[in-house]
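In the text below, chain A, chain B and the rest are named by the order of the sequence lines, each starting its count at 1.
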Number of protein chains: 2
Amino acid sequence: MHNLLSNLRVDINSSLYLKDPESSLLGINIVKSSIDLIDAHGIEEFNFKKLAKEIGSTESSIYRYFENKHRLLLYISSLYWGIMEFQMVVQTNNVSDGLEKLLKAVETLFSTPQTKCTSFEIEGQKLRHILNSEFVKAYHHKFVDEENEAGCFSIYKRLVSRLSEMIVEVNSDYSFCKSLASVITEGSLNQYFLSEHFHNLTDCHSKDNLYLFYKDLLTKTLMS
Amino acid sequence: MHNLLSNLRVDINSSLYLKDPESSLLGINIVKSSIDLIDAHGIEEFNFKKLAKEIGSTESSIYRYFENKHRLLLYISSLYWGIMEFQMVVQTNNVSDGLEKLLKAVETLFSTPQTKCTSFEIEGQKLRHILNSEFVKAYHHKFVDEENEAGCFSIYKRLVSRLSEMIVEVNSDYSFCKSLASVITEGSLNQYFLSEHFHNLTDCHSKDNLYLFYKDLLTKTLMS
DNA sequence: CAAATATAATAGTAATACTATCATTTAATA
DNA sequence: TATTAAATGATAGTATTACTATTATATTTG
């Protein structure tokens, strides 16, 4: 906890970039504007040419920071999960009751990321919206295994593991802690997506309802 | 039930194709070989040029059947969900007990599609593997709303609705029937994906374990 | 057999996702 | 302050993709 708080920057695996975007103004602009553009038009419509135009730079300059737009999406995703993990740790710290701690963590997972703890002036809502729509594409592709090997998903996996450990703490006899943790973490993105695009496939159209759904699920699954 | 059995063909929304692939040998080859190629190399590596070469035809001929590879993926997805829906209806027919019926439906959802009831000689395992890896990309994109409007996801949505109704039958007081149904349906693809690529994010590495996970989840959530 | 339809062959286009090269600006250091 | 190094910009070019268009040749149907 102390470590995390004193080192406010989310530490992103260096395999995700060629040059650390936090190290220069151009890098910061690349990340900031890519979030604006991807949020507005989606990852398919987004490319480095458009981004270069947006920030008044060139494609070649952007390619010095990120190998391609896929890696940039992975970077943005790690930023999101890093913030969420940070908030989760802060929110659950000093909560002694296991179930209360778990529910606090889940509540955090469904909240908007607080971007103040980054080098970038970005809007949390945009970041969440990108993740809701695009994160699944960041790992459903041909190179997932080698990127996973290289640590591209380490923050995400660590967050799911933390959640899983909280579940163990609540009920050590439960056999499916990891699966339950991953179902909830995915739900924290996908249920929002459903509410937006497949309205009739979910009952949860607000953060509060989502929390109630998973609170009910967790309580009954782990406490009965 | 009777309707479904007597009309064995999965009825696929005509907005998904330009010319019905079931209406000719070429069409059948397009679908069959596209499943082989997408299963083997993923949707990103797949294109109509490669497919044309594989079946000894031309790009222009394929374009007469499908507007683009995205629509072809939607077609393949509908084929999968149509088969699953069919199996689900068959398996749950005549089961009077609500919970037993629901669990039977869920078990079906995690099984391999039986492709005998289609015009195509395709391997169910390949079809499942494609869905596990690619289905999320079929609806996480810019045109999801208009495609949804056009009925491109109607079979999928109908299946989730059926599941949701079974949940209502088990416990009509439960407030999150739709969300639970969609969580399970997504899990029927994604948990397999996790097992293959993010082994440590799930406890379920077999069909049986997956069933036990969701059986436990459903029983506790709806019966306590 | 004629007419319609389906398929094949070929060519071409705009956009994408890069790579390469060299010039210029900015920053670091001696 | 001069020198050097590093970062960025400007420009050009390539292979691939995702199509569209046109015309020729089969194949089917009336």
Identify all pairs in which a protein N or O lies below 3.5 Å from an N or O of nucleotides 3-6 of chain C, and state each distance.
from   : atom 1 : to     : atom 2 : distance (Å)
dA6(C) : OP1    : K19(B) : NZ     : 3.4

Close N or O pairs between protein and nucleotides 11-19 of chain C (under 3.5 Å):
from    : atom 1 : to     : atom 2 : distance (Å)
dC18(C) : O5'    : Y63(A) : OH     : 3.1

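Contact annotation: the side chain of L210(B) approaches that of Y214(B) to within less than 4.5 Å [non-hydrogen atoms, C-beta and beyond]. When side chains are defined from C-beta on, L26(B) counts as touching S57(B), because their heavy atoms get closer than 4.5 Å. At a threshold of 4.5 Å between non-hydrogen side-chain atoms, the residues I28(B) and E121(B) do not count as touching. Residues T115(B) and F120(B) are not in side-chain contact: their nearest non-hydrogen atoms beyond the backbone lie 4.5 Å or more apart. Between V90(B) and F86(B) there is a side-chain heavy-atom pair separated by less than 4.5 Å.
Across the protein-nucleic acid pair, I30(A) atom CD1 and dG9(D) atom C1' stand 13 Å apart, rounded to whole Å. Atom pair I62(A):CD1 and dA7(D):C1' shows a separation of 14 Å (rounding to whole Å applied). Distance, L25(B) CG to dT28(D) C1': 15 Å, rounded to whole Å. Rounded to a whole Å, the CG atom of L18(A) is 14 Å from the C1' atom of dA7(D). Here the P atom of nucleotide dA10(D) and the NZ atom of K53(A) are 14 Å apart, to the nearest Å.
Between Y156(B) and F198(A), the ring-plane angle classifies as perpendicular under the 30° and 60° cut-offs. Between Y139(A) and F135(A), the ring planes lie tilted relative to each other; the angle falls in the 30° to 60° range.
In this structure, H141(A) has its ring center under 6.0 Å from that of H70(A).
For dA9(C), neither phosphate oxygen OP1 nor OP2 lies less than 4.0 angstrom from any side-chain nitrogen or oxygen of T58(B). When the side-chain nitrogen and oxygen atoms of S57(B) are compared with OP1 and OP2 of dT7(C), none of them lie within a distance under 4.0 Å.
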